[in-house]
Colleague: 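My questions all concern the structure below.
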Amino acid sequence: LAYLLLSGVGVERGHSHNDYLRAKPLHDALAAGFLSVEADVFLVENRLLVAHERRTLKPERTLENLYLAPLAKRLRENGGWVYPGEQKSLWVLIDIKAEGAAAYRQFKKELTAFPELAWNPAKPAIRFVISGDRPIDSLVSDEGRFAGLDGRWGDWEKGYSKEFMPWISESWRTHFLWFGRGDFTEGQKLEEMVKLVQSQGRKIRFWGSPDTQASWRIQWLAGVDWVNTDQPDAFRRFASGQAEDTTGG
């Protein structure tokens, strides 16, 4: 079981939503074997501070301190990958809460201090994806060299490549009535959405979905690539059980 978890079987489909609210941001998600984490950022006095709301900002909680520096350290220690012996990409979703273009410029500036984190398609250890107040023109101008674009439903009609826009993130409540009670009767719609996005070579994630095992299982069985959760350790246990079910363990 320990090997299953470390190798990312199942757990690689968990997305550590609001990761920065953990007791140990980033480290708790990585301890659970996750391959996707999310950090909300605000631009404050030429620094990116990590928080969901401005009133909770703290000067020491910077993107650099909580994510960039620790990730660069892990890559140096693990032969250029996040997990030792595992050549798998870690996705880092940067949700810009305001001032998208200016915050993105600061993100690029901070990233240059950590050459280990530069996007390398030949060795894709880390891939940053920009969400929230998305500075699409700036991302297009940079051709995705620093980060990809977190897409919205219908954005594929704009001609973006799957490399530039690897994800589609959608609000669960925008598309589904079910929110944790009774039977889920919208399975066909969910499966069709998943198949459409995956047919383009992209991943799909729903934010705002119920953070329960029932919801996880619905999304799991439908093939949702990234299952949103604020409970990485509980999801790790859930995912290991699903992996065992599919392997007959």
Side-chain angles (χ1 to χ4, degrees), residues 1-39 50 63-94 107 110-129 144-148 150 162-163 166-167 198 201-205 216-217 219-220 223-249:
L1 178 59
Y3 174 75
L4 281 176
L5 298 179
L6 182 59
S7 67
V9 174
V11 186
E12 63 189 12
R13 291 174 62 182
H15 172 75
S16 184
H17 177 250
N18 290 343
D19 180 81
Y20 50 90
L21 297 179
R22 311 275 176 270
K24 293 184 289 185
L26 178 65
H27 299 287
D28 285 348
L30 296 183
F34 275 45
L35 288 175
S36 179
V37 300
E38 177 179 339
V50 179
L63 182 68
E64 179 178 343
N65 291 341
L66 296 183
Y67 292 91
L68 303 185
L71 284 172
K73 182 174 184 291
R74 284 185 73 105
L75 265 58
R76 290 193 298 269
E77 294 173 345
N78 296 329
W81 297 93
V82 173
Y83 291 104
E86 293 290 325
Q87 296 185 4
K88 295 187 177 183
S89 304
L90 177 74
W91 297 77
V92 182
L93 188 68
I94 305 296
F107 167 74
E110 294 183 8
L111 202 59
T112 58
F114 302 97
E116 303 92 340
L117 304 181
W119 172 236
N120 179 3
K123 189 177 182 180
I126 302 284
R127 183 53 165 162
F128 293 97
V129 180
R145 291 193 305 273
F146 300 94
D150 181 29
K162 62 183 180 181
E163 290 78 19
W167 285 20
Q198 292 178 347
R202 310 181 205 272
K203 299 179 183 293
I204 187 168
R205 176 182 74 96
W216 299 343
R217 186 164 178 78
Q219 295 181 67
W220 182 282
V224 173
D225 298 282
W226 298 123
V227 180
N228 238 45
T229 182
D230 291 324
Q231 307 172 68
D233 197 50
F235 187 84
R236 173 188 61 80
R237 294 191 296 271
F238 162 83
S240 66
Q242 303 308 304
E244 288 177 351
D245 287 345
T246 58
T247 58

Colleague: Using modelled atom types and a 3.5 Å cut-off, is there a donor and acceptor pairing between side-chain atoms of Arg13 and backbone atoms of Val227?
Modeller: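 Here the side-chain-to-backbone pair does not exist.
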
Colleague: Excluding sequence neighbours, so at least two apart, what forms side-chain contact (heavy atoms from CB on, under 4.5 Å) with Ala234?
Modeller: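 If we apply the side-chain contact (heavy atoms from CB on, under 4.5 Å) test to Ala234, skipping adjacent residues, the hits are Trp216, Gln231, Arg237.
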
Colleague: For the atom pair CG (Leu68) and CZ (Phe107), what is the distance rounded to the nearest 0.5 Å?
Modeller: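 The CG atom of Leu68 sits 7.0 Å away from the CZ atom of Phe107.
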
Colleague: How many angstroms lie between CG in Leu117 and CG in Leu75, if you round to the nearest 0.5 Å?
Modeller: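 The CG atom of Leu117 sits 6.5 Å away from the CG atom of Leu75.
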
Colleague: Testing the basics here: between Phe128 and Ile126, what is the closest heavy-atom pair and its distance to 0.1 Å?
Modeller: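 Heavy atoms only, the tightest pair is CE1-CG2, 3.5 Å.
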
Colleague: From Glu86 CD over to Leu35 CG, what is the distance, rounded to the nearest 0.5 angstrom?
Modeller: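 Reported value, rounded in 0.5 Å steps: 8.5 Å.
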
Colleague: Could you pull out the closest heavy-atom pair between Ala125 and Gly80, with the gap in Å?
Modeller: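 Closest heavy-atom pair between Ala125 and Gly80: CB-O, 3.2 Å.
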
Colleague: Any heavy-atom pair between the side chains of Leu66 and Leu26 that's under 4.5 Å?
Modeller: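 Counting from C-beta outward, Leu26 and Leu66 never come under 4.5 Å.
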
Colleague: Taking side chain to side chain donor-acceptor pair (under 3.5 Å) as the definition, give me every residue that meets it alongside His17, ordered by chain and number, with sequence neighbours left out.
Modeller: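 Only Asp230 meet the side chain to side chain donor-acceptor pair (under 3.5 Å) criterion with His17.
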
Colleague: Checking Asp233 against Asp28 for the side-chain contact (heavy atoms from CB on, under 4.5 Å) test, could you report, in this order, the C-alpha distance in whole Å, the side-chain angles of both residues, the deciding distance, and whether it holds?
Modeller: CA-CA 8 Å; Asp233 197 50; Asp28 285 348; over 6 Å; no

Colleague: So, for Gly148 and Pro166, which heavy atoms are closest and what is the spacing to 0.1 Å?
Modeller: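 Heavy-atom minimum between the residues: CA-CD, 4.4 Å.
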
Colleague: When you measure from the side chain of Glu163 to the backbone N and O of Pro121, does any donor-acceptor pair fall under 3.5 Å?
Modeller: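 Between the backbone of Pro121 and the side chain of Glu163 there is no qualifying donor-acceptor contact (under 3.5 Å).
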
Colleague: How about Leu63 and Ile94: do any of their side-chain heavy atoms sit closer than 4.5 Å?
Modeller: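 Side-chain contact under 4.5 Å: yes.
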
Colleague: So which heavy atom on Arg22 is nearest to which on Ser16, and how close?
Modeller: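 Closest pair (atom of Arg22, atom of Ser16, distance): NH2-OG, 3.1 Å.
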
Colleague: What is the distance from atom NZ of Lys73 to atom CG of Asn78, rounded to the nearest 0.5 Å?
Modeller: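 Result: 9.0 Å between the selected atoms.
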
Colleague: Say whether, by atom type as modelled, one donor and one acceptor occur between the side chain of Tyr20 and the main chain of Tyr67 under 3.5 angstrom.
Modeller: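 No; zero donor-acceptor contacts below 3.5 Å.
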
Colleague: Enumerate the salt bridge (charged side-chain N to carboxylate O under 4.0 Å, His left out) contacts for residues 113-124, please, sequence neighbours excluded, ordered by first and then second residue.
Modeller: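 Only Arg76-Glu116 qualify under salt bridge (charged side-chain N to carboxylate O under 4.0 Å, His left out).
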
Colleague: For the residue pair Phe235 and Phe34, does the interplanar ring angle fall in the parallel (under 30°), tilted (30 to 60°) or perpendicular (over 60°) class?
Modeller: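 Plane angle over 60°, so perpendicular.
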
Colleague: For Glu64, what residues pass the side chain to side chain donor-acceptor pair (under 3.5 Å) criterion, not counting sequence neighbours?
Modeller: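 For Glu64, no residue satisfies side chain to side chain donor-acceptor pair (under 3.5 Å) once neighbours in sequence are set aside.
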
Colleague: Checking Asp150 now: which residues fulfil side-chain contact (heavy atoms from CB on, under 4.5 Å) with it, not counting sequence neighbours?
Modeller: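 Checked Asp150 against side-chain contact (heavy atoms from CB on, under 4.5 Å); matches are Leu93, Val129, Ser131, Arg152, Trp167, Ser169, Arg205.
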
Colleague: Could you tell me which residues satisfy side chain to side chain donor-acceptor pair (under 3.5 Å) with Gln87, sequence neighbours excluded, listed by chain and number?
Modeller: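 Partners of Gln87 under the side chain to side chain donor-acceptor pair (under 3.5 Å) test: none.
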
Colleague: If you compare all heavy atoms of Ala69 against all heavy atoms of Phe114, which two are closest, and at what distance to 0.1 Å?
Modeller: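 Scanning both residues completely, I find the closest heavy atoms to be CA-CE2, 3.7 Å.
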
Colleague: Tell me, please, whether Trp119 has Arg127 positioned over its six-membered ring: NZ or CZ under 6.0 Å from the ring centre and within 45 degrees of its axis?
Modeller: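 So Arg127 does make the cation-pi contact.
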
Colleague: Give a yes or no answer on whether the side chain of Asp19 reaches the backbone of Ala39 with a donor-acceptor pair at less than 3.5 Å.
Modeller: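 No: the side chain of Asp19 does not pair with the backbone of Ala39.
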
Colleague: Which heavy-atom pair separates Tyr83 from Ala29 by the least distance, and what is that distance?
Modeller: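 Scanning both residues, the minimum pair turns out to be OH-O, 4.1 Å.
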
Colleague: Could you tell me the separation between the CD1 atom of Ile204 and the CG atom of Asp225, rounded to the nearest 0.5 Å?
Modeller: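 With rounding to 0.5 Å, CD1 (Ile204) is 7.5 Å from CG (Asp225).
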
